[in-house]
2 protein chains.
Amino acid sequence: MTVTLADVAARAQVSPATVSRVLNGNYPVAASTRERVLKAVDELDYVLNGPASALAAATSDLVGILVNDIADPFFGIMASAIQSEIGGPGGRAGGERLAVVCNTGGSPERELTYLTLLQRQRAAAVVLTGGVVEDAAHRAAMDARLRKLTEAGTRVVLCGRPPAPDTGAVALAFDNRGGAQELTEHLIGLGHRRIGYIAGPEGQTTTRHRLEGHRAGLAAHGVEADPRWVVHGRYDRQSGYEAALELLRRDASLTAVVAANDSVALGVCAAMRDSGLAIPGDVSVAGFDDLPFSVDAVPALTTVRVPLAEAGARAGRIAMGREEAPPGGIALVRGELMVRGSSGVPRG
Amino acid sequence: MTVTLADVAARAQVSPATVSRVLNGNYPVAASTRERVLKAVDELDYVLNGPASALAAATSDLVGILVNDIADPFFGIMASAIQSEIGGPGGRAGGERLAVVCNTGGSPERELTYLTLLQRQRAAAVVLTGGVVEDAAHRAAMDARLRKLTEAGTRVVLCGRPPAPDTGAVALAFDNRGGAQELTEHLIGLGHRRIGYIAGPEGQTTTRHRLEGHRAGLAAHGVEADPRWVVHGRYDRQSGYEAALELLRRDASLTAVVAANDSVALGVCAAMRDSGLAIPGDVSVAGFDDLPFSVDAVPALTTVRVPLAEAGARAGRIAMGREEAPPGGIALVRGELMVRGSSGVPRG
DNA sequence: TTGAAAGCGATACCAA
DNA sequence: TTGGTATCGCTTTCAA
């Protein structure tokens, strides 16, 4: 029915072993035989059986990418960067690896389940992106799974989350604290003194680190830090919308708002518009290099550029083993934060 | 070394066949034995070998999703919708399927290569999204590949591209013409008469259909259609930026611009800002339900809602065989267009 | 309801 | 440089 390696071998009048060698190209084969084999492959329109070869070779050409939600442009860019790095068709590496994108939705259980599924597939590598819930039990479970993976020969990269010592996973951390602090100081530099902050979900690493950075920024300049000026929410637009209204309800005299990520910031914009709060012409936005819409869709802006896609790309490189783990196992990369500050605005 | 099914069988004191049955759950097994097996699985921390089982069963639990670029929010949303539909962990289906996301970058060759790679993996289903190059040779090659796939038992869905008769693939078409016409008429309804149009890459189905719809809209209302008011570009932000400038260079008296998709429209916004063209307060934007940023990031807008994610979800459903192909093999869904019109604006 | 055993289709080691 | 072949780990008849 379907064409197998043996069929090709028969047609080319060689052994299956030889065909395999030609196909994998990692073994010396006479030019003439190679010719014949390739011709047979072509004539029979032969397609290798992935599972069979993965079974025999004990490794597949699948690379897992865990993201919070692939519909979020942030993770889309990460996934895209990693993909071009691992080199499927069109990738610079020229390999033939396929990217398995897994939406965890931030759920610890799903995260674990996906890791098991990827282990089941004997994935060549797994890249975990974004923050993680700070929970001892979950962390232990994760570490166990990660260790299993690396022991089974899968390369594991933590991209934007804390290192996991003794698991064999390589970590590529983002400097969430530093990024947050820098951005808050940017607003302070613009003259703001009453700055609201919309944080991510409580209990997540990124949430905590960014908030710490924000506070550090305020402290460094002796700026007031009213606890009522901090609201927690999810990392999405709707949450940003609601949080912005809540902030203004608590204190309408705020002159700037820091949103924990771009999607949240867009929600803030929407809230200000819908609630009849004018968006001033001299609004200032500080965001990523990589989420162009956040920067370009709002007029009259100021940008603090924060390279990020490069982090994803680098993670891919590490996943594929083309780069060693950086000294200490960690590389610091600029964070993934966005600040939205409006001069002299909103008063409800 | 690694735990196998046999190990579990030994520990549970049953045959491998029984363990397999328990794990797959599609076969009657005594409750007591099942207990023992599951206990053994747990104790040994056994993880099924995917490739082995795929080889034996001649099918995998991988679902391929071909997109232009996963970094584009449009495709991110599509991929996300399809994923939740095919039911990995957390999906409603509760299955254990993994999504393989493939970035084609619009390249016909990559498209073909990826299809081969997915065939190699014995993918359970493949969903192709977005438009396709209108080229006889490529079409023939694609059809051949698609036929191979369906013959091998892979379910194939064309989502947003023309049907491919006799390939066994199910098509879920977007009404690009209708959507474009509707949106252009929306602008006409707002009083615009000098409307620019930024089209996608020449030679693609979506490009042609949308442009046709736009022209039909103009014609239906006797509105002028100056050929100079149409510029072609890529479906990305930068292209929109350049095209907008080009349009205004050609004719600064335009009062509205239709962009062939959201990313392009964002580029238009940026161009207007950078070139010092004021963005009026009463700008009107018509876009998707699903790309919130395009709608929310621009103040004072009017929206024409065009459902789209539902198409992706439906594609997933069809891919998984939970829904039959609609009558005639085609379902029409609202298009994926965005209009950006500005009243009484830009003059350079 | 359970077991025995024959594949599934490549890979890679050992010879030649 | 090439061939023979055991092996990978699971699924699935066929019997019992």
Side-chain angles (χ1 to χ4, degrees), chain A residues 1-38 40-41 44-62 96 116-117 119-124 152-153, chain B residues 1-38 40-41 44-62 96 116-117 119-124 152-153:
Chain A
M1 180 57 209
T2 69
V3 183
T4 74
L5 213 172
D7 298 332
V8 176
R11 173 141 199 156
Q13 308 203 30
V14 296
S15 76
T18 301
V19 177
S20 175
R21 287 172 188 134
V22 170
L23 261 36
N24 291 305
N26 6 325
Y27 231 80
V29 174
S32 61
T33 23
R34 146 174 290 107
E35 288 292 298
R36 251 183 313 142
V37 170
L38 292 179
V41 166
L44 295 176
D45 207 358
Y46 169 68
V47 175
L48 189 71
N49 183 315
S53 107
L55 171 60
T59 179
S60 75
D61 40 13
L62 298 178
E96 308 216 305
T116 303
L117 254 33
Q119 182 180 345
R120 174 181 297 189
Q121 295 295 335
R122 304 298 187 258
Chain B
M1 183 57 210
T2 69
V3 184
T4 72
L5 213 175
D7 298 330
V8 176
R11 174 142 199 154
Q13 309 203 28
V14 296
S15 76
T18 302
V19 177
S20 173
R21 286 170 187 138
V22 170
L23 262 36
N24 290 307
N26 10 326
Y27 230 79
V29 174
S32 61
T33 23
R34 147 175 288 108
E35 290 291 299
R36 253 183 311 143
V37 170
L38 291 178
V41 166
L44 295 176
D45 207 359
Y46 169 68
V47 175
L48 188 73
N49 184 314
S53 105
L55 171 58
T59 178
S60 75
D61 40 14
L62 298 177
E96 307 215 304
T116 302
L117 253 34
Q119 182 180 344
R120 174 180 298 189
Q121 295 294 336
R122 304 300 187 252

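Within every chain, numbering begins at 1; the chains are lettered A, B, ... in the order of the sequence lines, protein sequences first and strands thereafter.
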A.B. asks: With rounding to the nearest 0.5 Å, note down the distance linking OG1 in Thr2(A) to CG in Leu44(A).
C.D. replies: 11.5 Å
A.B. asks: Measuring to OP1 and OP2 of dT1(C), would you say a side-chain N or O of Thr33(B) lies under 4.0 angstrom away?
C.D. replies: no
A.B. asks: Partners of Arg120(B) by salt bridge (charged side-chain N to carboxylate O under 4.0 Å, His left out), sequence neighbours excluded?
C.D. replies: Glu96(A)
A.B. asks: For the pair Val41(B) and Leu23(B), evaluate side-chain contact (heavy atoms from CB on, under 4.5 Å) and give the outcome as yes or no after the intermediate values.
C.D. replies: CA-CA 9 Å; Val41(B) 166; Leu23(B) 262 36; 4.1 Å; yes
A.B. asks: Out of curiosity, Gln121(B) CD to Thr116(B) OG1, how far, rounded to the nearest 0.5 Å?
C.D. replies: 12.0 Å
A.B. asks: Could you walk me through whether Leu55(A) and Arg122(A) satisfy the side-chain contact (heavy atoms from CB on, under 4.5 Å) test, starting with their C-alpha distance in whole Å, then the side-chain angles of each, then the deciding distance to 0.1 Å, before giving a yes or no?
C.D. replies: CA-CA 9 Å; Leu55(A) 171 60; Arg122(A) 304 298 187 258; over 6 Å; no
A.B. asks: Walk me through it: do Asn49(A) and Thr4(A) pass the test side-chain contact (heavy atoms from CB on, under 4.5 Å)?
C.D. replies: CA-CA 8 Å; Asn49(A) 183 315; Thr4(A) 74; over 6 Å; no
A.B. asks: At how many degrees, to 10°, do the end axes of the helix from dT1(C)-dA16(D) to dA16(C)-dT1(D) meet when each uses five pairs?
C.D. replies: 20°
A.B. asks: Report, as a single string ordered 5' to 3', how protein heavy atoms within less than 4.0 Å touch nucleotides 6-12 of chain C: B base, S sugar-phosphate only, - not at all.
C.D. replies: -BBBBSB
A.B. asks: Between Arg36(A) and Ala12(A) (side chain of the first, backbone of the second, donor and acceptor by atom type, cut-off under 3.5 Å), is there such a pair?
C.D. replies: yes
A.B. asks: Run the numbers on Val22(A) and Thr33(A) for side-chain contact (heavy atoms from CB on, under 4.5 Å), then give the verdict.
C.D. replies: CA-CA 9 Å; Val22(A) 170; Thr33(A) 23; 6.0 Å; no
